[in-house]
2 protein chains.
Amino acid sequence: MRKDHETRKTEIIQSALDLAAQVGVSAVTTQSIADRVGIAQPTIFRHFKTREAIFHAAIEFVASALFKALEPVLAKTGPADKQLRKLFSVHLKFISKRHGVPRLLFSDRLHVEDPRLRETVQNIFARYIGVVSSILKRGAQQGVFRTDIDPDETAKFIAATMQGLFLQWSVSDFNFSLQEQEEKLWNYVWAATGHR
Amino acid sequence: MRKDHETRKTEIIQSALDLAAQVGVSAVTTQSIADRVGIAQPTIFRHFKTREAIFHAAIEFVASALFKALEPVLAKTGPADKQLRKLFSVHLKFISKRHGVPRLLFSDRLHVEDPRLRETVQNIFARYIGVVSSILKRGAQQGVFRTDIDPDETAKFIAATMQGLFLQWSVSDFNFSLQEQEEKLWNYVWAATGHR
DNA sequence: AACCTATGTAAGTGATTACTTACTTACATA
DNA sequence: TATGTAAGTAAGTAATCACTTACATAGGTT
């Protein structure tokens with residue numbers, strides 16, 4: 001049953017995320033992770049120095065997976081509005097499969113208990129906003145997006161609408177499909193940012 | 001030092017909210033509340049049956065205060081777009097003075113640990129959306145808002161943009177002023193919902 | 001003055017937690 | 001085949017938590 005350090009690490013991260021989805025971040029104890037992985041609780045500390053470190057690794061794991069999923073969208077060179085629309089679609093699909101992400105996003109651990117984690121998430125937000133902003137800039141040149149607004153501010157606004165949707169989704173206990181909201185949300189965003 | 005039941009209750013609620021703002025919901029222990037109020041820890045249980053009940057009371061206290069603050073805005077009869085703009089302003093000012101609110105909104109307690117609390121917040125969201133929706137309907141009749149969109153869905157979208165802003169605000173550790181974002185946010189919302 | 005009720009407290013209790021220590025064992029490599 | 005390293009564990013430990021019990025007292029009512 002003995003496994004490689006890296007293998008165990010990802011098993012622990014995955015289990016922590018699954019557990020966060022099911023019981024919430026604060027109930028993700030080292031014991032519950034260990035049970036789910038199928039190892040003893042002290043073994044967790046062979047692979048992570050502290051419980052905190054597990055959540056850091058989990059956030060970075062998720063962010064990395066998200067940007068990897070967005071890569072094919074960003075490589076496209078067609079109309080920027082179609083590209084942003086596709087980014088919406090991929091992002092929503094990604095989150096809809098990972099309930100642990102909103103649980104982490106709306107946790108005490110992120111917001112107050114772990115300032116370093118907060119900084120990491122701020123950086124991820126900034127990176128996401130940069131991605132959206134560059135699409136908006138390209139779209140402004142193409143004449144499909146408005147030219148009278150700051151792309152960075154607009155990207156922040158777009159990120160906020162999605163994050164707000166995730167909040168409502170989590171508070172509803174994931175009781176509606178994100179994808180079914182995609183079209184509606186896009187219509188508002190398009191109305192606010194599209195060239196007339 | 002002996003005080004009225006109702007007086008102590010509100011003291012406990014206020015202290016819980018202040019603590020939530022400073023140290024996060026999960027660190028709001030009955031001991032820390034008691035210390036802040038200036039009573040012994042078991043005395044908390046003279047006024048609230050469980051710790052859970054304190055958060056329920058806090059949420060209802062805040063919601064009641066918010067809708068009371070919005071009342072004068074809702075009473076107005078002028079142009080609906082000006083009314084919605086004013087609602088934005090009052091809402092943002094209200095939240096900016098109460099850091100405990102986003103802490104509660106982005107807590108494990110709300111999202112997973114207490115399903116009843118989640119339901120309560122869902123109802124508050126629904127009430128807020130109803131308020132915004134009725135302004136949008138009035139504005140559609142006045143010809144200032146779009147008539148080709150569902151007011152309820154639009155209200156949900158508007159709520160999401162504000163909630164997303166609150167998320168970014170909390171993750172930044174309240175490091176920017178909500179009011180300075182008001183104008184920008186309004187411009188996007190107005191572009192998405194105003195009649196052309 | 002007697003009494004009652006509600007607010008108050010000191011001193012627990014049992015459950016849970018992240019993390020440690022001391023020891024074991026699987027396994028790649030020399 | 002011998003050996004070092006790293007993955008594994010059982011059994012703690014000290015701290016923290018919500019909540020309870022048993023008792024004290026303030027202050028309004030009679």
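Order of the sequence lines fixes the chain letters, A, B, ..., with proteins taken first and strands second; residue numbering starts at 1 for each chain. Keep in mind that this is a model prediction, so the values were computed, not measured.
What separates CD of A:Q31 from C1' of C:dT16 is a distance of 11 Å, to the nearest Å. Distance B:I33 CD1 to D:dC17 P: 12 Å, rounded to the nearest Å. In this structure, CD1 of A:I12 is placed 13 Å from P of C:dA18, rounded to the nearest angstrom. Going from atom CD of B:E113 over to atom C1' of D:dC17 covers 13 Å, rounded to whole Å. Rounded to a whole Å, the CZ atom of A:F48 is 16 Å from the P atom of C:dT20. Computed from coordinates, the A:K9 NZ to D:dA6 P distance equals 14 Å when rounded to whole Å. Put simply, CG on A:D108 is 14 Å from P on D:dC17, counting in whole angstrom units. Atom C1' of nucleotide C:dT17 and atom CZ of A:R109 are separated by 12 Å, given to the nearest angstrom.
Under the 4.5 Å side-chain criterion, counting only non-hydrogen atoms from C-beta, B:T30 is not in contact with B:F48.
Note on ring orientation: taking the six-membered ring where Trp is involved, the planes of B:H5 and B:H47 are parallel (angle under 30°, cut-offs 30° and 60°).
Secondary-structure stems of DNA chain C, taken as three or more successive Watson-Crick or G-U wobble pairs (i with j, i+1 with j-1) under a 3.5 Å distance threshold, comprise C:1-30 with D:1-30.
Cluster annotation: B:I129 is not connected to B:I95 through the hydrophobic network of ILVMFWY side chains, with a link wherever side-chain heavy atoms come within less than 4.5 Å. Linking Ile, Leu, Val, Met, Phe, Trp and Tyr whenever their side-chain heavy atoms come within less than 4.5 Å leaves A:V112 and B:L110 in two separate clusters. When hydrophobic clusters are built by joining Ile, Leu, Val, Met, Phe, Trp and Tyr residues whose side-chain heavy atoms come closer than 4.5 Å, directly or via intermediates, A:V144 is grouped together with A:F88.
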ask   = What do the steps show when you test A:D114 against A:H56 for side chain to side chain donor-acceptor pair (under 3.5 Å), and what is the final call?
value = CA-CA 9 Å; A:D114 191 340; A:H56 278 262; 3.0 Å; yes
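Within the 4.0 Å cut-off from OP1 or OP2 of C:dT5, not a single side-chain nitrogen or oxygen of B:H5 is found. Considering only side-chain N and O atoms, B:R8 lies under 4.0 angstrom from the phosphate OP1 or OP2 of C:dG8.
The pair B:E119-B:R116 does not meet the salt-bridge criterion, since no charged nitrogen lies less than 4.0 angstrom from a carboxylate oxygen. A salt bridge between B:R85 and B:E183 is present, with a side-chain N of the basic residue lying under 4.0 Å from a carboxylate O of the acidic one.
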For nucleotides 9-13 of chain D, which of its nitrogen or oxygen atoms have a protein nitrogen or oxygen under 3.5 Å away, and what is each distance?
| unit_1 | atom_1 | unit_2 | atom_2 | d |
| --- | --- | --- | --- | --- |
| D:dT9 | OP1 | A:A40 | N | 3.4 |
| D:dT9 | OP2 | A:A40 | N | 2.6 |
| D:dT9 | OP2 | A:T43 | OG1 | 2.4 |

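Distance check, rounded to the nearest 0.5 Å: OG1 of A:T10 to CG of A:L17 gives 11.0 Å.
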